[in-house]
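Input: a single structure, listed below in structure tokens.
As the structure is a prediction and not an experimental result, all values here were calculated from the model.
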Amino acid sequence: MYSNEDRVKIMRDDAIPTALLKLGLPMIMGMLINALYNVVDAYFVGGLGTSPMGAVSVAFPLVQVVIGVGLIFGCGGAMCIARQLGEGDWERASRTASTAVFGSLAAGCAATVLSLLFLDDILALLGATGTILPYAHLYAVVYFSFCLLHVFCITMNNVVVAEGAANMSMFAMLLGGGLNALLDPLFIYAFGWGVGGAAAATVVAQGTTALVYLWYIVGKRGCLKISPRLFTLRGGTCWEIVRLGVPIFVFQLLFGVAMGMTNTAASRYGDSAVAAMGIVFRVLALAAYVLYGYVKGFQPVAGYNYGAKNFARLNESIKVSLRWVLGYCLLVAMLLLVFPGVIMRAFSTNDAQLVALGVKTLRANALAFPLFGMVMVYSTLFLAMGKARVGGLLSVARQGIFFIPAILILPGVMGLDGVIYSQPLADALSFALTIPFVIPLVKWLRDAGGQEGALRVVAVAEGDE
């Protein structure tokens, strides 16, 4: 694990590719393990039948909302912290970290109560059929009774990455994800708990991860102080966290809404269609989590150097990130186009309709996946620079502005094909929306004296000029 000075030095002095690898690779590995919570649950639950598999698919959007609650405070706080460290304001960064962590605990308690109060109604809205609902209820009750653990872990994950301790975050997530994979078959089959066992395995794994983060806080192993005494609602700290975190929450919320609307649209065609869409979403989420992990490493580098007004390093970090992300996305697209049948049969070997629908949907999404990666880099960049309006717009455009109208309109025109092609269409349109914001920023950063120009063009995009 890096020392406190080493963490800041990475963002300030290391060669940009080295800094991005040091902060990005641990986050990618950790996020992949985190994504495996959903994939592993789906893999083992798939052996119980189509309806239990559909139940996990129906509960998936609600889990994304819980993740979004953690991201409000985690990502919002992390973006503030990175810039404050770049400005050399360690005291303010500690107040921000404390406010983010303890604010997330209050929000997590609220999420637990609200989700349990309206659980069955929400599950029905998310596409639970009469045969799926009992399984979905069992899974959701176990998970949401302890979802505070998940909110805390997500917040801490982002805070420790913002201070440069990406290895710590990776260790915590690896431990939790590995434990979940070991406990799933034990709880589901050996103990006979079924879909409830999958949720219980997740709860135990997240509880273990939370203990690691508590050890990190209590042992004062970070470069920032995290204490209830530093929590504040004054001085604009909480507002700044929420202002930058809400776009990420809305992105996550809309991801859950998109999955719910997809389930509802697919439920007209039976449990196999619901289960197939759920598997596709998990596979795509696994691929996307690599991007999320990478941009989590890119975000503190961009935020720190923007705060330090080192625009040459900022510009280089953008160029390197775009090259790497595009290469990765093209590789994923190729795998989804060539091996969709292999992927789908890993989750279900006895439902030919499920496999056929999944193959078609994976191939359709493969074509647009590289566009999604480019949008992720730029939306993260604007948020890291503190430009919540533009970053927020680009973050929510994919699922909010474009996907929701598509999933409402296309199935009525194209039937099940409308469900399949709604997401690729949304990816293409969100990429088109990104271009007008990116072109002027790239131009100014490329200029020899582009520091002042870069500030001006972003101010114009924010409506400040």
Next on the checklist: Would you say that Ile318 contacts Tyr378 through its side chain, given a criterion of any heavy-atom pair below 4.5 Å between the two side chains?
Outcome noted: yes
Item to check | Residue pair Met156 / Leu214, side-chain heavy-atom distance below 4.5 Å | outcome: no
Item to check | Test side-chain contact (heavy atoms from CB on, under 4.5 Å) applied to Phe382 and Phe437, step by step | outcome: CA-CA 10 Å; Phe382 279 111; Phe437 295 104; 4.2 Å; yes
Next on the checklist: Just to verify, what does Glu316 make a salt bridge (charged side-chain N to carboxylate O under 4.0 Å, His left out) with, not counting sequence neighbours?
Outcome noted: none
Checklist entry - What pairs of residues pass the side chain to side chain donor-acceptor pair (under 3.5 Å) test when at least one of them lies in residues 182-193, not counting sequence neighbours? => result none
Next on the checklist: The criterion is side-chain hydrogen bond (donor to acceptor under 3.5 Å, both in side chains); which residues satisfy it with Asp89, sequence neighbours excluded?
Outcome noted: none
Checklist entry - So, for Tyr213 and Tyr216, is the gap between ring centers shorter than 6.0 Å? => result no
Next on the checklist: Holding to side-chain hydrogen bond (donor to acceptor under 3.5 Å, both in side chains), I want the full list of residues that pass it with Ser321, two or more places apart in sequence or in another chain.
Outcome noted: Tyr294
Checklist entry - With no hydrogens and no angle check, is any side-chain donor or acceptor of Tyr328 less than 3.5 Å from a backbone partner on Ala287? => result yes
Next on the checklist: I want to check a possible cation-pi pair here: Arg95 against Phe231, using under 6.0 Å from ring centre and within 45° of the ring axis as the test.
Outcome noted: no
Item to check | Partners passing side-chain hydrogen bond (donor to acceptor under 3.5 Å, both in side chains) against Asn365 (at least two apart in sequence or in another chain) | outcome: none
Checklist entry - Do the non-hydrogen side-chain atoms of Asn305 and Ser317 ever get within less than 4.5 Å of each other? => result no
Checklist entry - After noting the C-alpha distance and the side-chain angles of Cys329 and Leu291, does the key distance pass the side-chain contact (heavy atoms from CB on, under 4.5 Å) rule? => result CA-CA 9 Å; Cys329 288; Leu291 288 178; 3.9 Å; yes
Item to check | Counterpart residues, side-chain hydrogen bond (donor to acceptor under 3.5 Å, both in side chains), relative to Ser104 (two or more places apart) | outcome: Thr155
Item to check | Verdict with supporting geometry, Met376 and Val325, side-chain contact (heavy atoms from CB on, under 4.5 Å) | outcome: CA-CA 9 Å; Met376 280 294 298; Val325 165; over 6 Å; no
